Amino acid sequence: MELKNKLIAQDADLPFTMEWDGVPDDVAEAVADADVALAASWPLPTNDGKAVMPEPEAMAAAGTVIRGRAIRIGAADDIGLPESVNRIAGVDISFVKGDAVRAAASLVVLSYPALDVVYTDIWPVELDQPYIPGFLAFREVGFFVEAFERLRATAPELVPDVVLVDGNGVLHRRGFGLASHLGVLIDVPTIGIGKSFYHVDGVSQEDIVATSREVLTAAGDALLVVGESGRVWGAAFRASESRKALYVSSGHRVGLLSALRIVRACARYRIPEPVRQADLLSRDYVRDVMLGDQASA
DNA sequence: GCGACAG
DNA sequence: ATCTTGTCGC
């Protein structure tokens with residue numbers, strides 16, 4: 001629980017800054033207010049001590065501005081990120097069919113903007129915690145923390161500028177999903193990439209899917225997930241041509257608008273390239289190495 | 001009590 | 001998460 005106190009959901013701590021062209025000012029301000037509210041909503045003061053909790057009326061007003069409204073994240077072919085963004089990582093775990101314990105975890109680092117794989121780490125793991133919805137981090141985060149310790153020890157020059165995590169960030173029942181948990185523990189900016197989510201603050205995935213079908217008309221369109229309180233939890237995002245949206249949310253030290261732009265920049269297929277490469281790597285490992293062992297044993 | 005339920 | 005062939009399309 002005390003981990004929460006370290007979370008800063010603002011861009012202030014991001015090692016780079018972004019400029020916003022295609023986003024209406026009122027939307028950008030509403031999201032920024034929501035991020036400040038998020039950082040200030042924990043019991044103890046935040047790291048920078050600057051976060052201020054907006055009045056409830058301000059939160060509600062922000063919600064009114066952006067609820068049900070799509071925004072476009074950059075143009076189709078020039079989603080340039082700041083020059084200080086050079087590496088983007090992805091993490092994932094794949095399981096052995098019908099086995100709740102044996103799995104393979106992976107960490108990959110891609111170069112940006114080429115999106116070439118420049119580092120891979122893949123190893124077998126045994127899960128010692130059950131999967132309980134809402135507590136995914138307690139089952140998986142430890143493996144990724146170890147992977148980052150290895151990375152820092154063997155190739156510190158390849159530590160990424162930001163990590164895309166296969167799981168939600170603050171788009172979470174307690175506002176603290178796997179991506180946020182990992183970000184705090186490794187002290188690297190993280191972004192949550194979910195293929196689904198469940199009801200938070202009075203909003204269900206079903207509600208968002210219904211509206212998404214109407215307003216997400218092109219790749220790069222995002223629909224912010226605004227709770228009944230007015231708080232912005234994340235976004236349904238058509239990062240690629242695929243009709244099915246992803247759910248993007250701040251993990252740690254990245255604001256939502258920046259997170260969306262970063263995900264857009266990694267969109268070759270529906271699943272952002274760093275997460276996709278991590279997924280391919282761990283799947284191949286389970287199939288070619290772990291099942292191979294089983295067959296020959 | 002009932003339903004819902006990231007990976 | 002995983003179980004699973006073909007098939008529509010660039």
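For clarity, every value in this text was computed on a predicted model and none was experimentally measured.
- Between His181(A) and Phe138(A), the ring-plane angle classifies as perpendicular under the 30° and 60° cut-offs.
- Atoms CD1 (Ile193(A)) and P (dG7(B)) sit 11 Å apart, rounded to a whole Å.
- Gly98(A) comes within contact range of no nucleotide atom at all, as no heavy-atom separation falls under 4.0 Å.
- Following rounding to the nearest Å, Asp92(A) (CG) and dT2(C) (P) show an atom-to-atom distance of 8 Å.
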Show the numbers, then the answer: is there a side chain to side chain donor-acceptor pair (under 3.5 Å) between Ser229(A) and Asp201(A)? CA-CA 7 Å; Ser229(A) 68; Asp201(A) 194 8; 2.7 Å; yes

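- For the pair Tyr285(A) OH and dA1(C) P, the interatomic distance rounds to 20 Å; values are reported in whole Å.
- Remark: P of dC10(C) and OH of Tyr269(A) are 15 Å apart, rounded to the nearest angstrom.
- Rounded to whole Å, the distance from CZ on Phe143(A) to C1' on dA1(C) is 14 Å.
- Residue Ser94(A) is classed as a sugar-phosphate contact, given heavy-atom separations below 4.0 Å to backbone atoms only.
- Note: CG (Leu178(A)) to P (dA6(B)) measures 13 Å, nearest angstrom.
- For the side-chain contact (heavy atoms from CB on, under 4.5 Å) test with Ile271(A), the passing option among Leu164(A), Asp92(A), Leu246(A), Ile193(A) is Leu246(A); the others fail.
- For His199(A) against dA4(B), a side-chain-to-base donor-acceptor contact under 3.5 Å is absent.
- Shown here for Ala236(A) and Ile208(A), the closest heavy-atom pair between the two residues is CB-CG2, 3.6 Å.
- For Lys195(A), a side-chain nitrogen or oxygen approaches OP1 or OP2 of dA1(C) to under 4.0 Å.
- Between Tyr131(A) and the phosphate of dA6(B), there is a side-chain N or O to OP1/OP2 separation shorter than 4.0 Å.
- Here dA4(B) presents its C1' atom at 13 Å from CG of Asp207(A), a figure rounded to the nearest Å.
- No side-chain donor-acceptor contact under 3.5 Å links Arg276(A) to the backbone of Tyr269(A).
- Distances shorter than 4.0 Å separate some side-chain N or O of Arg283(A) from OP1 or OP2 on dT2(C).
- Scanning all heavy atoms of the two residues, the minimum distance from Ile191(A) to Ala259(A) falls at CD1-CA, 3.7 Å.
- Residue Asn168(A) is in base contact, counting any heavy-atom pair closer than 4.0 Å across all strands shown.
- More than 12 non-hydrogen atoms from other residues, nucleotides or ligands lie less than 6.0 angstrom from CD of Glu157(A).
- The two residues Arg238(A) and Arg243(A) have their closest heavy-atom pair at NH1-NH1, 3.8 Å.
- Between Leu280(A) atom CG and dA1(C) atom C1' there is a gap of 16 Å when expressed in whole angstrom units.
- Nucleic acid contact class of Phe135(A) (heavy atoms, under 4.0 Å, all strands): base.
- Residue Val203(A) comes nearest to Glu228(A) through the heavy atom pair CG2-N, 4.4 Å, listed as atom of the first residue, atom of the second, then distance.
- Of the side-chain N and O atoms in Ser196(A), none sit less than 4.0 angstrom from OP1 or OP2 of dC5(B).
- Helical stems in DNA chain B, defined as runs of 3 or more consecutive Watson-Crick or G-U wobble pairs with donor-acceptor distances under 3.5 Å: none found.
- Residues that satisfy the ring-ring contact (aromatic ring centres under 6.0 Å, His included) test with Phe237(A), not counting sequence neighbours, are absent from this structure.
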Its dot-bracket string being built from Watson-Crick and G-U pairs below 3.5 Å, with | for another strand and [ ] for crossing, DNA chain C has the pattern ..........

